[in-house]
A.B. asks: 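Here's a structure for you.
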Amino acid sequence: MTPPIPRIPHNDHGVLTPPALGDWEPALTVTVVIPAHDRQETLNLTLAALSAQSYPEHLLDVIVVDDGSATPLHLPGLAPARTKLVSSPPGGWGRAWAVQAGIDAATGEVVLVLDADMVPHRRHVEAQLRWHHLAPYVVALGWIDFTDGPLSTPEQVADALAAGTEDRLFPLSPHRHDWAEQIIRDHDGLRTAPSSLATRIHVGATASYPAALLRSAGGMDTSLVLAEDTELGYRLTQAGAVYVPDPESRAWHVGLPTAMRDHRALKRYNDPYVADRVPYRRYLRTDAGRQWLVPYVDVTVAAAGSCAYEDVRATVDTLLAGPLPDVRVTVTGPWDLLTPGRRSPLTDPHLDLRLVQATFAHDPRVHFHPPATGTAPFRLLVPPGWVVAKDTVERLVAHMEEHDLGSLRVALEETEAGVTTARLDRTAALSRAALVATPQDDPDDVVDELFGLEWVDGETWGFSRRPAVYPPRRRPPSELAAATARHEKELALYRKRVAALRAELAQARKEAAKNGRDAARWREKAESWRREAVRLTRERDRTVLRRAVRRVRDLAFPAD
């Protein structure tokens, strides 16, 4: 009889009890996938360390994927017995492309991705694999030490692992994944980390996945050449994964990663890709009105055959009118009934369904079938005929995030037929519940056990019945409203005239002031000219007088 799958609430892996290293019997097969591009020297060290692992050799195989190295890679003599080298298939390039090629070729029940610049300790694989023996939805993460010192030889690496002295293989760099380790410390080894935060720890240089879970999540996004681990971590969370960082799964990282060498340039490159694909990064989605590849909330409104067009339209209209721009609406219904053949337009039995389709056919936010891409972290189901306040969806999601809930049930109305409800679910909670539930379980009970389920009142959260007339019609204005409008128009005209007169008066004052200054200057000049005339007159009179005196003197005393 198959034992029941452990039920891990939130990310609390503390409910699992891993065996002590070296004191248990492994059973799962593991394929180690190593993507490599021009990394022959460090790849040799990685393979040497893998050849000396404590995990049983017959349960471990290795796939090295050469991602278009300038000088083709080769397998060294010191490597696990079941190691093969393959080339990335044509059609793409980059780490994600190479890792996916390895995943496609992997046969192990667990896939462990290890970068070609990693030198794992002897218990590295064993430490991660013990968690996979406990639950089939654990993602185990290794613990990384960085070195930028001289390299050892493959033989020295293998000898150090055999002797248990691998922690002294390289000089320890002061650089660390400080931000990740801080999150782990602050949240009790990630046990108390909320869903939207736990996913950030997935850095990918050394991480292992249940092969079935990894493939069900879609594997790597091969369209990305950077940020692929961040994006994969998000999708694994939505698939129900629990993250376990294991400090006993240690490994050396040879050299510093790009994130430490040039963090600013890396972030500048990654941000647009991460914003488009990871709705949790709210700080990257601040542009009003933008649409994104992956929505934050996926809303479903069911347009049944007998559902009124006005009910569906009113519900969808209000859902799209809120402040969250990354809301995607799917209107489900029997759309295959809408054939293009001849019909009576006004008595068509599927008239309401056609009107719904005609209303939203060209709105890119509205779909008539669930989109194949972009798994949102939240799913909202609203019955047609109910409208929401502008901030309802945002408030509901904020409440879910604050309490890390799995589901909110919104009671809208109770009638003889039962209780009408809306519901907001966390995608990760639904996926986790599906992984662990038995046929006898009620899915809501499992969600409640794992993440918590809460009932709230619809009116309190802004739900109400749609208006009796929808869409709203503009009524003719009343006499009072018409008179008010006329007076407002007259007042606006008078205000305009007053403003023009004030401007004219200001101009006149300006000109008057200028004229006054000109008059003062002319008065000053006139006074100056008068004084000059007086001076000249006096000077002339004195000259005439002196001439007369000389003449009299000449007459009185003639010359001899």
A.B. asks: Would you say Asn11's side chain and Ala193's backbone share a donor-acceptor pair under 3.5 angstrom?
C.D. replies: no
A.B. asks: Going from OH on Tyr280 to OG on Ser195, what distance comes out if it is rounded to the nearest 0.5 angstrom?
C.D. replies: 5.5 Å
A.B. asks: With under 30° as parallel and over 60° as perpendicular, where do the rings of His133 and Trp24 fit, or are they tilted in between?
C.D. replies: perpendicular
A.B. asks: Using the side chain to side chain contact (heavy atoms under 4.5 Å, CB included) rule, take His187 and Thr192 through it: C-alpha gap first, then chi angles, then the decisive distance, then the call.
C.D. replies: CA-CA 5 Å; His187 296 87; Thr192 61; 3.4 Å; yes
A.B. asks: Under 3.5 Å, is there a donor-acceptor pair linking the side chains of Arg122 and Ser54?
C.D. replies: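 Per modelled atom types, Arg122 and Ser54 side chains form no pair under 3.5 Å.
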A.B. asks: Would you say the side-chain atoms of Arg432 pair up with the backbone N or O of Ala241, donor to acceptor, closer than 3.5 Å?
C.D. replies: yes
A.B. asks: Got a donor-acceptor contact below 3.5 angstrom from the Ser431 side chain to the Gln238 backbone?
C.D. replies: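 Flag set: sc Ser431 to bb Gln238 pair under 3.5 Å.
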A.B. asks: State, yes or no, whether a side-chain contact exists between Val30 and Gln53 at a heavy-atom distance under 4.5 Å.
C.D. replies: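 Contact flag for Val30/Gln53 side chains = no.
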A.B. asks: Any donor and acceptor pair, going by atom type alone, linking the side chain of Asp66 with main-chain N or O of Ser69 inside 3.5 Å?
C.D. replies: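 Confirmed, Asp66 side chain pairs with Ser69 backbone.
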A.B. asks: Please report the interatomic distance CG(Leu405) to CD(Glu454), rounded to the nearest 0.5 Å.
C.D. replies: 5.5 Å
A.B. asks: Could you list all the side-chain hydrogen bond (donor to acceptor under 3.5 Å, both in side chains) pairs where at least one residue sits in residues 73-83, not counting sequence neighbours?
C.D. replies: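 Counting only pairs at least two positions apart or across chains, the side-chain hydrogen bond (donor to acceptor under 3.5 Å, both in side chains) contacts touching residues 73-83 are Gln40-His74.
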A.B. asks: Quick one: are Asp221 and Arg277 in side-chain contact, heavy atoms under 4.5 Å?
C.D. replies: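 Result yes, sub-4.5 Å side-chain heavy-atom pair found.
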A.B. asks: So does Gly22 get a backbone contact from the side chain of Glu126, meaning a donor-acceptor N/O pair under 3.5 Å?
C.D. replies: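 Here the side-chain-to-backbone pair exists.
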A.B. asks: Judged by atom type as modelled, is there a donor-acceptor pair below 3.5 Å linking the side chain of Trp131 to the main-chain atoms of Leu16?
C.D. replies: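 Not a single qualifying donor-acceptor pair exists.
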A.B. asks: Taking 4.0 angstrom as the limit, do Asp246 and Arg130 come out as a salt bridge?
C.D. replies: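 Salt bridge between Asp246 and Arg130, a charged N being under 4.0 Å from a carboxylate O: yes.
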A.B. asks: Any non-hydrogen side-chain atom of Ile63 less than 4.5 Å from a side-chain atom of Val86?
C.D. replies: yes
A.B. asks: Is it true that atom CZ of Phe360 has more than 12 heavy atoms of other residues, nucleotides or ligands lying nearer than 6.0 Å?
C.D. replies: yes
A.B. asks: Tell me, with the steps shown, if Asp326 and Arg282 meet salt bridge (Lys or Arg N to Asp or Glu O under 4.0 Å).
C.D. replies: CA-CA 10 Å; Asp326 43 355; Arg282 305 308 296 162; 2.7 Å; yes
A.B. asks: Measure from NZ or CZ of Arg281 to the centre of the six-membered ring of Tyr234 and say whether it is under 6.0 Å with the direction within 45° of the ring axis.
C.D. replies: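 No cation-pi geometry.
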A.B. asks: Indicate yes or no for a side-chain donor-acceptor contact from Thr46 to the backbone of Met118 under 3.5 Å, with no hydrogens or angles considered.
C.D. replies: yes
A.B. asks: Take atom CH2 in Trp455; do more than 12 heavy atoms of anything else shown fall under 6.0 Å from it?
C.D. replies: yes
A.B. asks: So do Leu430 and Val447 actually touch side chain to side chain, heavy atoms under 4.5 Å?
C.D. replies: yes
A.B. asks: Taking the six-membered ring for Trp, are His202 and Tyr243 parallel (under 30°), tilted (30 to 60°) or perpendicular (over 60°)?
C.D. replies: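 Tilted: the ring planes of His202 and Tyr243 meet at 30° to 60°.
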A.B. asks: Report yes or no: does Arg250 contribute a side-chain atom to a donor-acceptor pair with the main-chain N or O of His121 at less than 3.5 Å?
C.D. replies: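 Answer holds: no.
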A.B. asks: Is it the case that atom CD in Glu57 sees more than 12 heavy atoms from other parts of the structure closer than 6.0 Å?
C.D. replies: no
A.B. asks: Any side-chain heavy-atom pair from Val393 and Tyr296 closer than 4.5 angstrom?
C.D. replies: no
A.B. asks: Tell me if the centroids of the rings in Tyr55 and His124 come within less than 6.0 Å of each other.
C.D. replies: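 Aromatic pair excluded; centres sit 6.0 Å or further apart.
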A.B. asks: Please name the pair of heavy atoms, one in Gly149 and one in Pro171, separated by the smallest distance, quoted to 0.1 Å.
C.D. replies: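 Scanning both residues completely, I find the closest heavy atoms to be CA-CG, 3.7 Å.
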A.B. asks: Taking all heavy atoms of Asp67 and all of His37, pick out the closest pair and write down the distance.
C.D. replies: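 So the minimum-distance heavy-atom pair works out to O-ND1, 2.8 Å.
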A.B. asks: Any ion pair linking Arg426 and Glu401 (charged N to carboxylate O, less than 4.0 Å)?
C.D. replies: yes
A.B. asks: Report the residue from Val33, Leu213, Val32 that forms a side-chain contact (heavy atoms from CB on, under 4.5 Å) with Val111.
C.D. replies: Val33
A.B. asks: Taking atom CZ of Arg123 and atom CG of Leu161, what is their separation to the nearest 0.5 Å?
C.D. replies: 10.5 Å
A.B. asks: Would you call Arg379 and Asp298 a salt bridge, taking side-chain N to carboxylate O under 4.0 Å as the test?
C.D. replies: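 Salt bridge absent between Arg379 and Asp298.
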A.B. asks: Can you measure from CG (Leu112) to OG1 (Thr206) and round to the nearest 0.5 angstrom?
C.D. replies: 5.0 Å
A.B. asks: Looking at Val157, is its backbone amide N or carbonyl O close enough to the side chain of Ser152 to form a donor-acceptor pair, meaning the two atoms are under 3.5 Å apart?
C.D. replies: no
A.B. asks: Between Arg95 and Asp115, is the closest basic N to carboxylate O distance under 4.0 Å?
C.D. replies: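 Yes, this pair counts.
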A.B. asks: Find out whether Phe170 and Asp145 are in side-chain contact, i.e. whether some heavy atom of one side chain is under 4.5 Å from a heavy atom of the other.
C.D. replies: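 No - every pair of side-chain heavy atoms lies 4.5 Å or more apart.
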A.B. asks: Once you round to the nearest 0.5 Å, how far does CG of Leu324 lie from OG1 of Thr392?
C.D. replies: 11.0 Å
A.B. asks: Just verifying a value: how many Å separate Leu214 CG and Met220 CE, rounded to the nearest 0.5 Å?
C.D. replies: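 That separation rounds to 8.5 Å.
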A.B. asks: Is any side-chain heavy atom of Tyr137 closer than 4.5 Å to a side-chain heavy atom of Ile5?
C.D. replies: yes
A.B. asks: Will you find, in the side chains of Ser407 and Asp425, an N or O donor that is under 3.5 Å from an N or O acceptor?
C.D. replies: yes
A.B. asks: So, do Glu228 and Val99 sit near enough that their side-chain heavy atoms are less than 4.5 Å apart?
C.D. replies: no
A.B. asks: Can you tell me if CZ on Arg185 sees more than 12 non-hydrogen neighbours from other groups inside 6.0 Å?
C.D. replies: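 Above 12, so yes.
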A.B. asks: With distance as the sole test, does Gln291 use its side chain to make a donor-acceptor pair with the main-chain N or O of Pro325 at under 3.5 Å?
C.D. replies: yes
